[in-house]
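The structure appears below as structure tokens.
Values in this document were obtained by computation on a predicted structure and should not be read as measured data. Whatever order the structure lists ligands and atoms in, that order sets their numbers, starting from 1.
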Amino acid sequence: MKIICVGRNYTEHIEELQNEKPTDPVLFLKPDTSILLKKQPFFIPDFSEEVHHEVEVLVKIKKIGKHIDRKFAHKYYDEIGLGIDFTARDLQSKLKEKGLPWEKAKAFDGAAVIGKFMPKSKFGDVDTLNFRLEKNGEIVQQASTDHMLWKIDELIEYISKYFTLKIGDVIFTGTPKGVAKVNPNDNLTGFLEDTQIFSIKVK
Ligand code: ZN
């Protein structure tokens, strides 16, 4: 399986990092080795002094497809989840400055938290889903999928122009504002509406 991530999909997050607003979705991949194993803590890697949490809504692909029209995109997923795109921000900034690829900052071991998946039917409209991340019991990121620049079905259309989507692939749909550094002993808990989807410890 592969993980396809979308960058810069929420206006206020683009502003907080002072990035340019893209004319097309920004895409990057994470390898399967980046998935944080179930029930394991997240260890801050020694090559970064500033790892940020980015909470994101996830989509699990259930059918192979390429050049999927947005009208039919809803047929390619039944399950929605929530995860964290951990980002070594200090390293990413250096790489960005030099125009180099981001992988070392985003695709390292443990950098992809994939919480449990829920049937999308549980939530009604996937384009008005509320989600949040709590750090040590305090809300640090909170948004609705309604604020996405590109909605889930548009993302599937766009991504599948470049990458064939296969069963089990996971799309990270971008993070809203509120990204911040994690520290040892932080507890990060993610909620889709009022359902707790993951809870992890930082070490
Ligand atoms: Zn992200």
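- To the nearest 0.5 angstrom, Glu15 atom CD is 13.0 Å from Arg8 atom CZ.
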Which pairs of donor and acceptor atoms, one on a side chain in residues 194-203, lie under 3.5 Å apart (sequence neighbours left out)?
from: Ser199; atom 1: OG; to: Thr189; atom 2: OG1; distance (Å): 3.3

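- For the Zn ion (ligand 1), the nearby protein N/O/S atoms, meaning those under 2.8 Å, are Glu54 OE1, Glu56 OE2, Asp85 OD2.
- Tested against Glu54, the residues Val179, Val113, Leu133 include a single side chain to side chain contact (heavy atoms under 4.5 Å, CB included) partner, Val179.
- Applying the under-4.5 Å side-chain rule to Ile, Leu, Val, Met, Phe, Trp and Tyr, the cluster around Ile3 extends to Met1, Ile35, Leu58, Ile114, Phe117, Val170, Phe172.
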Under 3.5 Å, which donor-acceptor pairs do the side chains of residues 75-84 form with other protein atoms, sequence neighbours left out?
from: Tyr77; atom 1: OH; to: Asp153; atom 2: OD1; distance (Å): 2.7
from: Asp78; atom 1: OD2; to: Lys62; atom 2: NZ; distance (Å): 3.1

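- By the 4.0 Å N-to-carboxylate-O rule, Glu154 lies close enough to Arg70 to be salt-bridged with it.
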